[in-house]
Number of protein chains: 2
Amino acid sequence: MAERVRLIDVAREAGTSVSTVSRALNGSDLISPEVVAHVRAVAGQLGYRADKRAQEFKLGRPLTVGVTVPDLTNPFFSEVLKGLNASARAGGYRLLIGESSEDPAEELRLVDELVDYSGALVLCSSRLTRAGLEKALAQPVPVVCINRTVKNAGVVAIDYRAASRLLLEHLTGLGHRRVLYVGGPATSWSDGERRRTLRRTARALDVTLDEIDGGWSGNHGYDAGPTVLHSRATAVITFNDLVGIGLLSWMYDNGVEVPSELSVASYDDIPIAAYSRPPLTSLRNERAKLGELAWEQLTKRLGGADWPAPDLLTPELVVRASTGPARRRARIR
Amino acid sequence: MAERVRLIDVAREAGTSVSTVSRALNGSDLISPEVVAHVRAVAGQLGYRADKRAQEFKLGRPLTVGVTVPDLTNPFFSEVLKGLNASARAGGYRLLIGESSEDPAEELRLVDELVDYSGALVLCSSRLTRAGLEKALAQPVPVVCINRTVKNAGVVAIDYRAASRLLLEHLTGLGHRRVLYVGGPATSWSDGERRRTLRRTARALDVTLDEIDGGWSGNHGYDAGPTVLHSRATAVITFNDLVGIGLLSWMYDNGVEVPSELSVASYDDIPIAAYSRPPLTSLRNERAKLGELAWEQLTKRLGGADWPAPDLLTPELVVRASTGPARRRARIR
DNA sequence: TTGTACGCGTTATCAG
DNA sequence: CTGATAACGCGTACAA
């Protein structure tokens, strides 16, 4: 374990001073080319590597963006992280991750902890209460919220109004008049938005909309099976594809034909949605782009500008075999 | 944006010195309780928060563990990250993430970059060549490899020998004598291990094993459909569940009955595997535990001990409906 | 028990 | 153009 080579070692070896070495290495403007070459040579020879931590410490805020997600294993967040990471990295920043386990209190602790090491924060699908969010925004670093609208912060979100309209219009176009929504986590803002926009659109389209609570995983969808079956809906919209696939699975296990007896559609269109039986009609959204836009907002803000207007991403309906014409259900159990 | 309160501000306000404040706050041994109380009170009142970066800078190595994964959206890695993150956090460390995009060169760059900010490194399913791995291990911080065996580093991996045996024994028990393996990414060590152990076990069980190349996503499985169908195998083992589900989907689209005409089994048993049609027979492994064990090895090592012996996790076969008795296929196209 | 002074590794300021 | 030197915010010998 060789001793770490420091700036002063290079200076000594090059027969000059630390300032010169620093300048030579950082490409300062006023310095003789020969010295630069010499210093660089010596540095290379000695295997010198600047201590990035010391640099950033000296320079000010850390080039790190702290991110919180409710659950690392949720494919939606994985892709957001992917996009955010790529952009941030391209901008010279690194990602410090925090997982709240869907727990608002934990999320607040995370924010409090991450901010100590971060120059900016991204809250992905924050589960914080309104009050909690206020506290988070009071941090001395810029904060962007993904899928959560809020004042005085960056906002990047899916346009759920458009999303819900696409879904319901598709279903009414197939003749469905009675739709059931299987919801997501109670703390999820986007679940609230989905419900709100669905209700509103349902009213406009004269569709009867019922709602039940759910969650975000396949289990939640599977467990909702009996309730769904006993409802009078001819079509179901699920919080996301995992729930949708779980529900499809229950229907299959219980001999309910999809889509002839029941249509199922969903939000997100994660890759696996194309491979369910039947393939799931879903709303494609650019999740990675959510992360990229979050980073864009951050850079602008870090550059001294005010927060840009919220970025709203309009999803696209991918129609697959899980939705079909409305028909009276053959069997009721 | 209030000015940041520093140690010296607290000292001034408390009418004492920085060292006293520092000691009081850090619970030093020799200091009068009253002073401690007083300092704490003042600090609290001023809303003092230690600059963690300065602390860590002063104290030495950063309390951060850098992690590389080939792809953030691969569910396998998500769960590893989840486990690692939870453990590391419990140990006072944070996770700095890096995604190599399945590119060995990029992974090496990542290692080189992350090490500047990390007190330890975890390479998850490293795609590095042997030489690249050598370089990575030459870093001045301890490195743990997940799903990759190597000398002079921590190693945590799935026991693929046991895994492959479980799979093949299950299939031979159903009468299959001709099995096809649909492989994963060429740079994947674990794909290599799966092949190696499958071959070896196939020989022992007198099973004919064929292999084709694939990848890690549903598309790879779907695209392998025609080749699989035209092979003479009665059972297929796929690199992972995503590939398996993609393959199932192709079989369905093309009217091939699973498992009556073809059995499909796979590695990993990600949650969605239970919801495919038919549900996928797969090898359950504790992915989160891989992360936890990696952290355990790291703490031991950071504590000054030698690297512990590699941790091998034995998977468990979850038999579902995608595997059944071998039968001559009804149709060949 | 407390305070002073120094150092962590770097960059920036200010003389020269 | 270059070299001392002062920070950045904190912990801790050493001295008192």
Side-chain angles (χ1 to χ4, degrees), chain A residues 1-40 42-43 46-64 92 115-119 140-141, chain B residues 1-43 46-64 92 113 115-119 140-141:
Chain A
M1 201 83 88
E3 272 309 307
R4 193 178 172 86
V5 181
R6 292 158 309 165
L7 209 49
I8 194 171
D9 300 318
V10 179
R12 202 163 0 230
E13 186 68 20
T16 177
S17 71
V18 285
S19 352
T20 300
V21 176
S22 174
R23 281 189 282 246
L25 263 33
N26 295 342
S28 171
D29 37 357
L30 300 175
I31 193 168
S32 84
E34 304 126 27
V35 177
V36 172
H38 179 226
V39 167
R40 290 234 164 113
V42 172
L46 260 51
Y48 170 75
R49 302 191 42 162
D51 183 323
K52 306 291 273 183
R53 292 196 309 148
Q55 277 187 338
E56 290 189 14
F57 174 56
K58 170 68 187 168
L59 261 29
R61 280 247 150 259
L63 302 181
T64 303
V115 75
D116 284 338
Y117 306 92
S118 307
V141 300
Chain B
M1 201 84 87
E3 274 306 309
R4 195 179 169 86
V5 181
R6 292 159 308 167
L7 209 48
I8 193 171
D9 301 317
V10 180
R12 200 163 2 229
E13 186 68 21
T16 176
S17 72
V18 286
S19 28
T20 301
V21 176
S22 173
R23 284 188 279 246
L25 264 31
N26 296 342
S28 171
D29 36 359
L30 300 176
I31 193 168
S32 83
E34 305 128 23
V35 177
V36 171
H38 179 227
V39 167
R40 292 232 161 115
V42 172
L46 262 50
Y48 170 74
R49 301 191 42 160
D51 183 324
K52 307 291 274 185
R53 291 198 308 148
Q55 277 187 337
E56 291 188 13
F57 174 56
K58 169 68 187 170
L59 262 29
R61 279 248 150 259
L63 302 182
T64 302
E113 188 184 317
V115 74
D116 284 337
Y117 306 92
S118 308
V141 300

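Here is the naming used below: chain letters follow the sequence lines, and residue numbers restart at 1 for every chain. Keep in mind that this is a model prediction, so the values were computed, not measured.
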(message) Is any side-chain heavy atom of R61(B) closer than 4.5 Å to one of V141(B)?
(response) yes
(request) For residues L46(A) and V10(A), report the shortest heavy-atom separation together with the two atoms involved. (result) CD2-CA, 4.0 Å
(message) I need the CZ-P distance between F57(B) and dG9(C), as an integer number of Å.
(response) 7 Å
(request) Compare the minimum distances between each of dT10(C), dT2(D), dC10(D) and the side chain of A54(B), then state the nucleotide with the smallest one. (result) dC10(D)
(request) Five pairs at each end of the helix from dT1(C)-dA16(D) to dG16(C)-dC1(D): take the axis at both ends and give me the angle between them to 10°. (result) 50°
(request) Select one nucleotide: of dG9(D), dC10(D), dT4(C), the one nearest the side-chain heavy atoms of A50(B). (result) dC10(D)
(request) Report the distance from atom CD of E13(A) to atom NE2 of H38(A), rounding to the nearest 0.5 Å. (result) 8.0 Å
(request) Any chance you could measure K52(B), atom NZ, to S118(A), atom OG, to the nearest 0.5 Å? (result) 13.0 Å
(request) Might you confirm whether atom CD1 of I8(B) has over 12 heavy atoms from other residues, nucleotides or ligands at distances under 6.0 Å? (result) no
(message) I want to check one thing: is the phosphate of dG9(D), taken as OP1 and OP2, less than 4.0 Å away from some side-chain N or O of Q55(B)?
(response) no
(message) At 4.0 Å (heavy atoms only), tell me whether L7(A) reaches a base, stays on the sugar-phosphate, or touches nothing.
(response) base
(request) State, to 0.1 Å, how close G92(B) and L63(B) come at their nearest heavy-atom pair, and which atoms those are. (result) O-CB, 3.7 Å
(request) Rounded off to whole Å, could you give me the CD-to-P distance for the E34(A) and dT2(D) pair? (result) 8 Å
(request) Send over the distance from D116(B) CG to dG9(C) P, rounded to a whole Å. (result) 14 Å
(request) Return no unless some side-chain N or O of Y48(B) is found under 4.0 Å from OP1 or OP2 of dG9(D). (result) no
(request) Whole angstrom is fine here: how far is it from CZ in R49(A) over to C1' in dT10(C)? (result) 16 Å
(message) Among V42(A), D9(A), L25(A), which residue satisfies the side-chain contact (heavy atoms from CB on, under 4.5 Å) criterion with Y48(A)?
(response) L25(A)
(request) Check whether any side-chain heavy atom of R4(A) sits under 4.5 Å from a side-chain heavy atom of D51(A), and report yes or no. (result) yes
Would you list the protein and nucleotides 12-16 of chain D atom pairs, both N or O, that sit under 3.5 Å from each other?
none

(request) Test D116(A) against every option in Q55(B), E56(B), R49(B), R53(B) by the side-chain contact (heavy atoms from CB on, under 4.5 Å) rule and name the one that passes. (result) R49(B)
